[in-house]
Amino acid sequence: MSFENLNLHPSILKAIAEAGYTEPSPIQAAAIPEVLAGHDLMASAQTGTGKTAAFILPALQYLTEPSQSKSRGPRILVLTPTRELATQVNDAARKYSAQMRVKTVCILGGMPYPLQNKLLSQPVDILVATPGRLIDHLERGRIDFSRLEMLVLDEADRMLDMGFIDDVEKIAAATPASRQTLLFSATLEGTIAGLAKRLLKDPKRIQMAAQQAKHENIEQRLHVVDDLAHKNRLLQHLLTDAEVRQAIVFTSTKRDADMLAEDLFAQGHQAAALHGDMNQGARNRTLTRLRNGAIRILVATDVAARGIDVAGISHVINFDLPKFAEDYVHRIGRTGRAGSHGIAVSFASGKDVLHLKRIERFTGHAITPHVVPGFEAKRPMRSGAPSPAGKRGGYGNNDRRGGYEGRPNGNRDGYSNRGGQNRGTGTGRPASRGR
Ligand code: AMP
């Protein structure tokens, strides 16, 4: 299959060629014809699979025809859970529309209202937004959705996890019933299925290969650690490896991200933190420095790092395991971008056994243990029992909340007031950080 077979406008094909893409990714090949045929769509596809182009390219195809309406409001609306993802979708839309006259606007929380008001008062083709801020503008009557043709819910599962369900439904209700709706999500079951039933009309369903088939280009390693001091020593050692071009180190909390980044910086690394307590300007500056190579080690929390697409990231290091198995998949997907080889390292101690099993059940395979001579753990982690990987059919979906049923909405990084309370590994941080 080539892009030429997808019946896209020559100006879109030209931009795709300039982006260096030679053929559609599987999600693009599956989704684009369905969207262009006018169907609603629900698709499970991870970030890193090319899902953004899977909805932006057909959206641009619509924009090659003038709107029948006199309204100046957006014709395409993309909702994303985080500011970073919104910025990336906006950048992708601009890249793929480089040969067209398309006005894209990005509306994010944390940015000044007057500028956004100005942007929204002008004609808009594509609007990319996070739900909370968009609702503010909607309630103030600043957005005219009367000519909206397509609504895209990107990473819909995450929007639900973050407590945006009411906002998303309110926004959808303000758009024309005639719209086409596309929903992209890591899982299509559970609450997502309910949301899809309410917002989509007779959708086509695209389920990309199971989780375990993905990330084949990412080598996953497990390092058993005894305690925090052991983690710190091992991290220092791993970061001295010249093979580590750029790395994202994940911590459980914003506070730990700050502290670890400071420690690494003090050790002479080009390190910086990225988390939801930083204002948007600081987050953008950090991401720019990561992109241009001025930062080698980014210490981040889950939400802030979601959607980061930087080709130089050779390693992802889970200093703390993610709380939710699905976040593991998102984290490791920050490396091995666009087909390159990546290495994902996870630190885990005896206290993390159950946690690790959940992750392995979700991804469908056991993470291979690695030992660095001189950095062996004193206590073995597992009793030699076989990994549970592969025992359950339909990996992941049933397991997303395994053991965490009580998770309230809205407790994610950047949306919580829990500060540094969450102790992901029980290793006694930060008191024992040795600072
Ligand atoms: P996404 O899953 O949308 O975040 O895209 C992941 C990465 O794949 C981005 O860096 C895109 O620029 C890149 N990409 C998207 N489509 C293609 C394609 N057909 N061929 C090569 N790279 C692509």
Side-chain angles (χ1 to χ4, degrees), residues 1-8 12-33 35-36 41 43-61 76 78-99 104 106 126 128 152-158 182-187 206-209 211 213-218 245-246 248 287 290-292 302-314 316 326-327 329-342:
M1 156 89 73
S2 75
F3 279 109
E4 279 71 21
N5 301 129
L6 291 172
N7 294 323
L8 294 167
I12 303 175
L13 292 176
K14 192 159 177 230
I16 292 171
E18 277 176 8
Y21 306 167
T22 50
E23 57 177 353
S25 70
I27 181 70
Q28 292 162 6
I32 293 172
V35 180
L36 290 178
L41 181 76
S44 74
Q46 306 290 342
T47 176
T49 56
K51 69 177 166 61
T52 314
F55 58 82
I56 292 289
L57 299 182
L60 292 177
Q61 180 66 30
I76 312 290
V78 184
L79 295 180
T80 73
T82 65
R83 301 168 191 176
E84 279 73 19
L85 186 60
T87 307
Q88 280 185 17
V89 169
N90 192 47
D91 291 347
R94 290 201 170 143
K95 179 163 79 176
Y96 303 138
S97 65
Q99 305 295 326
T104 69
C106 196
I126 302 180
V128 185
V152 181
L153 308 179
D154 194 10
E155 302 200 352
D157 55 321
R158 184 52 55 114
L182 316 182
L183 178 152
F184 289 80
S185 171
T187 168
I206 296 176
Q207 186 103 34
M208 295 316 289
Q211 310 272 2
K214 300 191 185 98
H215 298 311
E216 277 161 5
N217 52 333
I218 300 172
R245 267 186 300 148
Q246 280 183 301
I248 302 186
L287 284 173
L290 181 72
R291 267 195 200 99
N292 66 25
D302 282 298
V303 170
R306 199 173 170 85
I308 289 179
D309 182 12
V310 176
I313 307 287
S314 57
V316 163
E326 186 202 331
D327 285 334
V329 174
H330 284 287
R331 285 183 180 189
I332 70 171
R334 300 306 104 223
T335 180
R337 303 298 284 177
S340 64
H341 179 74

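One-based numbering along the sequence shown. Hydrogens, waters and symmetry mates are skipped; everything else that's a heavy atom, side chains included, is used. In each ligand, atom 1 is the first atom listed, and ligand 1 is the first ligand listed. These numbers come from a predicted model, not from an experiment.
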(request) Find all atoms of ligand 1 within a distance of less than 4.0 Å from any non-hydrogen atom belonging to Glu23, and give their numbers and elements. (result) 18 (C), 19 (N), 20 (N)
(request) Please check if the side chain of Gln61 supplies one atom and the backbone of Leu36 the other of a donor-acceptor pair under 3.5 Å. (result) no
(message) Heavy atoms only, cut-off 4.0 Å: how does Gln88 contact ligand 1, side chain, backbone, both, or neither?
(response) neither
(request) Would you check whether Gly50 has a nitrogen or oxygen atom less than 3.5 angstrom from a nitrogen or oxygen atom of ligand 1? (result) yes
(request) Please could you name the atoms of ligand 1 that Lys95 approaches to less than 4.0 Å, counting only its heavy atoms? (result) 12 (O)
(message) Would you compute the distance between atom CD of Glu155 and atom OG1 of Thr80 and round it to the nearest 0.5 angstrom?
(response) 8.0 Å
(request) Show which atoms of ligand 1 fall inside a sub-4.0 Å distance from at least one heavy-atom site of Thr52. (result) 1 (P), 3 (O), 4 (O)
(request) Rounded to the nearest 0.5 Å, what's the gap from CZ on Arg158 to OG1 on Thr82? Could you check? (result) 8.5 Å
(message) Below a 4.0 angstrom heavy-atom separation, can you tell me which part of Phe3, side chain or backbone, both or neither, approaches ligand 1?
(response) side chain
(message) Among residues at least two apart in sequence or on other chains, which ones pass side-chain contact (heavy atoms from CB on, under 4.5 Å) with Ala93?
(response) Ile56, Thr104, Ile126
(request) For Ser25, counting its heavy atoms only, list the atoms of ligand 1 lying under 4.0 Å from any of them. (result) 19 (N)
(request) Find out whether Thr52 and Asp309 are in side-chain contact, i.e. whether some heavy atom of one side chain is under 4.5 Å from a heavy atom of the other. (result) no
(request) For Ser2 and Asn5, test the side chains for any donor-to-acceptor distance below 3.5 angstrom and give the result as yes or no. (result) yes
